[in-house]
Amino acid sequence: MSERIYVADKATLDKVYENTQKLLNNLVPLDSPVYGMIIHEADLDPATRVEYIGANKDFTPMMMNMDTHIMDYGSWGNWEWLKANKPVMANWGGGIEYYLNENDYTKKASDGSASDVANVNYAGNAMAVIKKIYTHTYKIGYDRYVLFCERKLTDDFKPIGFDVLGKERDYMLIPLFYGSIDGNGKMRSIAGQWSWGTATGNTSDTNVTANVTTEVQNAAIKKTDPEALFFGGALMNTLADICVMLTRSTNTQASFGAGMSTSYVNDKEQKHGTKVNTVIGGGQFYGSKDEKSFNKVFHSCVLGSQMLWQRDPYTLLVNGIIKVSPDYTYDLTGAKYIDTGVKLASNNYYAITQVIPGFGAVPTAEVICTSLTGYCDHTWVTATDVRVSFRLGDCDNGANGGLFSRAFDRTAARAWWSDGASLLQAQPVAA
């Protein structure tokens with residue numbers, strides 16, 4: 001039976017707040033500083049609702065120049081965690097084989113020779129390293145506190161997104177490219193491959209011979225590596241929060257670009273306006289304002305481009321109640337998941353979250369916002385049966401997409417041209 005989450009009482013929250021202040025003011029080690037923010041969720045202005053605290057209290061936030069596509073790192077350029085985010089070629093099991101040139105993935109970082117980033121016969125995938133970080137997040141009233149540290153300072157700091165079936169990992173690998181299923185039935189992250197019609201689609205709207213459902217995508221992921229995962233879950237929550245902290249804004253499209261959010265074409269012969277996975281320059285981040293281009297966040301086009309929805313079976317809506325899997329347990333019934341108690345009943349923009357221990361924040365229906373206020377991203381809901389979460393948006397969603405966009409209106413059996421999935425891998429560990 002799934003575990004139920006209960007909200008702490010005021011006395012408990014006051015104690016947590018007191019301990020956090022002591023941590024920030026007195027116990028921050030110079031070698032492992034605490035970076036953090038308070039998201040004042042009652043303030044709906046994305047430009048003013050984020051307050052810096054901790055080591056970054058006086059930082060200048062990052063800002064993307066959408067014309068030059070160059071990121072101004074502000075005060076964040078020397079953050080060691082961010083510098084550890086590197087593009088790599090990884091083997092089937094998630095081991096790092098070699099590093100890619102950060103500004104030109106077609107070259108190896110070591111000597112500039114040709115890489116395998118577009119080699120579909122390579123025994124592995126093009127990925128980006130996400131170094132483990134510990135998160136301490138909680139709510140006091142309408143204020144959401146999010147603290148990050150590269151070591152576990154107290155038991156309140158959790159490896160959110162880095163706990164894989166009970167084993168903590170030193171790094172995770174996120175995809176450089178949208179998931180594509182190759183001729184051997186494996187889920188790949190390789191340039192030059194189409195996601196549309198391989199990792200997405202049904203027999204009527206694409207060229208697939210069988211509907212690409214959750215189970216079909218999962219089988220392709222597991223054929224790549226039995227330990228491989230869907231790109232979603234707790235790690236995506238952590239990365240979204242870090243993006244908010246880096247830019248001091250909850251409008252992620254304005255901060256990082258709107259990707260391909262309006263490139264849709266009502267024609268399957270044109271693959272509905274999607275594009276083949278392509279190497280783009282610009283380093284770690286690439287943003288644009290034309291709404292028809294690949295963008296990158298943490299080297300990942302999947303996080304930045306809003307071309308295809310990303311199926312996230314680690315978050316379900318079961319008869320209108322959100323259930324989550326903090327450690328990537330896979331159960332399409334939700335019976336093994338945590339019952340958050342959060343109820344959603346209708347499509348809307350949601351400005352308030354509830355923090356789930358070990359998983360991060362999920363939307364609540366308490367306060368409604370818009371595409372320009374709150375978290376600025378839309379949530380679609382069908383509050384009956386079991387619905388699998390989809391994240392980030394597709395090329396027909398426009399301003400509705402972004403890092404906090406979700407669709408809870410689709411069953412596990414749903415297959416459509418826009419219903420994609422991509423690869424997530426963990427640091428290999430001994431059995």
Side-chain angles (χ1 to χ4, degrees), residues 90-95 120-127 164-165 167 169 172-190 193-236 271 274 277 300 302 307-316 318 323-325 327-337 385-392 394 407 410-426 428 431:
N91 59 36
W92 294 129
V120 74
N121 295 315
Y122 177 78
N125 290 286
M127 309 293 282
V164 182
L165 302 177
K167 292 183 178 181
R169 310 303 173 97
M172 302 292 284
L173 296 177
I174 65 173
L176 294 192
F177 305 107
Y178 281 92
S180 56
I181 298 178
D182 69 14
N184 296 312
K186 294 181 177 182
M187 186 69 77
R188 308 298 302 277
S189 171
I190 291 287
Q193 304 302 304
W194 284 96
S195 186
W196 183 99
T198 67
T200 77
N202 65 37
T203 55
S204 67
D205 72 342
T206 58
N207 54 5
V208 295
T209 57
N211 291 349
V212 185
T213 65
T214 307
E215 292 286 38
V216 170
Q217 291 169 336
N218 186 56
I221 288 170
K222 296 305 182 186
K223 194 166 185 179
T224 300
D225 172 37
E227 305 300 319
L229 308 162
F230 283 84
F231 184 29
L235 182 63
M236 198 171 282
K271 296 181 172 59
T274 66
N277 281 308
S300 175
V302 182
M307 182 176 78
L308 295 165
W309 282 106
Q310 294 300 290
R311 200 183 306 254
D312 178 9
Y314 312 118
T315 308
L316 303 177
V318 181
K323 293 191 175 186
V324 301
S325 172
D327 67 352
Y328 305 101
T329 294
Y330 177 80
D331 174 15
L332 293 180
T333 72
K336 298 178 182 178
Y337 289 8
D385 305 318
V386 179
R387 306 287 166 165
V388 175
S389 173
F390 285 74
R391 303 182 75 153
L392 306 178
D394 68 28
R410 302 158 194 210
T411 66
R414 155 131 170 176
W416 197 241
W417 68 265
S418 61
D419 294 348
S422 296
L423 189 67
L424 174 66
Q425 291 187 281

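Just so you know, residue 1 is the first one in the sequence shown, and it goes up from there.
Using modelled atom types, one finds a donor on one side chain and an acceptor on the other under 3.5 Å when comparing Asn202 with Ser204. There is a side-chain donor-acceptor pair under 3.5 Å between Asp394 and Trp309.
Lys222 contributes a side-chain N or O that, together with a main-chain N or O of Ala228, makes up a donor-acceptor pair within less than 3.5 Å. Judged by distance alone, with hydrogens and angles left aside, the side-chain atoms of Asn91 form a donor-acceptor pair with the main-chain N or O of Gly93 at under 3.5 Å.
For the atom pair Tyr337 OH and Asp331 CG, the distance stands at 5.5 Å (nearest 0.5 Å). Rounded to the nearest 0.5 angstrom, Trp416 CH2 and Thr206 OG1 are separated by 9.0 Å. Once rounded to the nearest 0.5 Å, the distance linking CD of Gln425 with CD of Glu227 reads 10.0 Å.
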Determine, step by step, whether Arg414 and Asp419 satisfy the side-chain contact (heavy atoms from CB on, under 4.5 Å) criterion, reporting the C-alpha distance in whole Å, the side-chain angles of both residues, the deciding distance to 0.1 Å, and the verdict.
-> CA-CA 8 Å; Arg414 155 131 170 176; Asp419 294 348; 2.6 Å; yes
Start with the C-alpha gap between Met172 and Val164, add the side-chain angles, then the distance that decides, and say whether side-chain contact (heavy atoms from CB on, under 4.5 Å) holds.
-> CA-CA 10 Å; Met172 302 292 284; Val164 182; 3.9 Å; yes
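For the pair Val386/Thr411, no side-chain contact is recorded, criterion being any heavy-atom separation below 4.5 Å from C-beta on.
With sequence neighbours excluded, the residues forming a side chain to side chain donor-acceptor pair (under 3.5 Å) with Tyr330 are Glu215, listed by chain and number.
Just one residue in the list Arg311, Arg188, Gln310, Gln217 forms a side-chain hydrogen bond (donor to acceptor under 3.5 Å, both in side chains) with Ser422, and that residue is Gln310.
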